[in-house]
Amino acid sequence: MKHSLLSILCTAFLFISCQSNGQDHKNNPKTQETKNKNLETAYFASGCFWCVEAIYESVKGVDKVLSGYSGGHTQNPTYKSSNTGTTGHAEAVAVHYDPSTISFETLIDIYFGSQNPFQINGQGPDHGSQYRSIIFYKNKNQKDIALSKKKAISEAANRTVAAEIKPYEKFWSAEAYHQDYEKRNPNNPYIRNVSIPRLKRFQSKFPTLIKKEH
């Protein structure tokens, strides 16, 4: 009886530990694949994924956005490991969108319009390779669009755009507690002072693209 009770308690402890550390991806409904077969997915890195997730989720035609990691060389990256800057991964988002409502080209306009395109290895107060800007393309058309937009911005400003343009390889979902972080933690000092102002700046530039509830 003692062994059975001990076994149950250990199992419960491990489950709670996983939940508190944000590792329980399977039980987080947001990390599950969408059931809408008409949706496509685009992948971007643009500084803190809390900020970028909130920006794209406020846009018409976007079904959901997942925070995660991409662009690096290690398997199963975590928030802790990616923040060392040694994994090669950047904080990234997977944008699930309806191409009949919003185009990949518009997503790229949103991408560049919601960041400082000239800041290298970071956005705002966040610095390091894990915060660098990357557009991950899945086909030649997406690559051409990204390159064209980047070139136009560079030429207009006579400055080099920092965003990398790389082929998409793998996206690793972030820990559960990172999903919808801005929405669930509105009083967090970083959210109040960095994320929300960045979201509002974006929305003021693209008012016709914003969902009514935002």
Side-chain angles (χ1 to χ4, degrees), residues 7-37 39-59 62-98 107 111 114 122-126 128-134 136 168-196 198-199 202 211 213-214:
S7 179
I8 292 171
L9 289 174
C10 287
T11 300
F13 176 77
L14 288 172
F15 176 78
I16 292 170
S17 296
C18 277
Q19 291 285 353
S20 63
N21 289 325
Q23 300 294 332
D24 190 18
H25 297 179
K26 292 182 180 179
N27 290 327
N28 177 16
K30 196 179 179 190
T31 62
Q32 304 304 306
E33 286 299 314
T34 180
K35 294 180 180 179
N36 187 338
K37 301 302 182 181
L39 297 181
E40 295 183 6
T41 309
Y43 300 90
F44 305 108
S46 176
C48 172
F49 48 23
W50 298 341
C51 304
V52 188
E53 179 191 82
I55 286 168
Y56 277 108
E57 284 197 333
S58 74
V59 173
V62 173
D63 181 70
K64 68 178 180 180
V65 183
L66 304 181
S67 288
Y69 315 98
S70 195
H73 56 269
T74 64
Q75 299 289 306
N76 300 306
T78 63
Y79 187 66
K80 183 178 180 179
S81 67
S82 70
N83 270 332
T84 65
T86 62
T87 68
H89 289 290
E91 291 192 7
V93 295
V95 181
H96 297 267
Y97 68 101
D98 184 348
L107 294 179
Y111 176 80
S114 61
Q123 283 297 306
D126 299 312
S129 62
Q130 68 270 31
Y131 296 114
R132 70 192 188 278
S133 294
I134 312 171
F136 299 96
Y168 169 75
E169 294 182 353
K170 176 74 175 180
F171 177 84
W172 306 88
S173 291
E175 296 84 345
Y177 70 92
H178 286 298
Q179 310 301 334
D180 286 325
Y181 192 90
E182 180 170 315
K183 188 183 300 181
R184 294 185 294 102
N185 299 274
N187 294 318
N188 177 290
Y190 180 92
I191 296 301
R192 292 176 63 182
N193 296 313
V194 179
S195 294
I196 292 176
R198 182 176 173 183
L199 174 63
F202 156 71
K211 295 173 182 173
E213 62 266 33
H214 290 272

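Since we're looking at a predicted model, the values are computed, not measured.
Residues forming a side chain to side chain donor-acceptor pair (under 3.5 Å) with Glu40 (at least two apart in sequence, or on another chain): Tyr97. With sequence neighbours left out, the side chain to side chain donor-acceptor pair (under 3.5 Å) criterion links Ser133 to Gln115. With sequence neighbours excluded, the residues forming a side chain to side chain donor-acceptor pair (under 3.5 Å) with Asn188 are Tyr181, listed by chain and number. Applying the salt bridge (charged side-chain N to carboxylate O under 4.0 Å, His left out) criterion to Arg198, with sequence neighbours excluded, gives no partner residue. A search for side-chain contact (heavy atoms from CB on, under 4.5 Å) contacts involving Ser81 returns Pro77, Thr78, Thr87, not counting sequence neighbours. Scanning for side chain to side chain donor-acceptor pair (under 3.5 Å) contacts around Tyr69 gives Glu175, with sequence neighbours left out.
Counting only distance, with no hydrogens or angles, the side chain of Tyr56 and the backbone of Tyr111 share a donor-acceptor pair below 3.5 Å. Side-chain atoms of Lys170 do not come within 3.5 Å of backbone N or O of Gln75 as any donor-acceptor pair. A donor-acceptor pair under 3.5 Å is formed between the side chain of His89 and the backbone N or O of Thr74. Formation of a donor-acceptor pair under 3.5 Å by the Glu57 side chain with backbone atoms of Val65 is found in this model. With hydrogens and angles ignored, the 3.5 Å screen pairs a side-chain donor or acceptor of Gln179 with a backbone N or O of Ala174.
No close placement of the Phe171 and Phe136 rings is indicated, their centers lying 6.0 Å or farther apart.
Expressed to the nearest 0.5 Å, how far CD1 of Ile191 lies from SG of Cys48 amounts to 6.5 Å. One finds the CG atom of Asn83 at 9.5 Å from the OG atom of Ser129 (value rounded to the nearest 0.5 Å).
The number of heavy atoms from other shown groups lying within 6.0 Å of CZ (Arg192) does not exceed 12.
A heavy-atom distance below 4.5 Å is found between the side chains of Tyr190 and Cys51.
Judged purely by distance below 3.5 Å, without hydrogens or angles, the side chains of Glu53 and Ser67 pair a donor atom with an acceptor atom.
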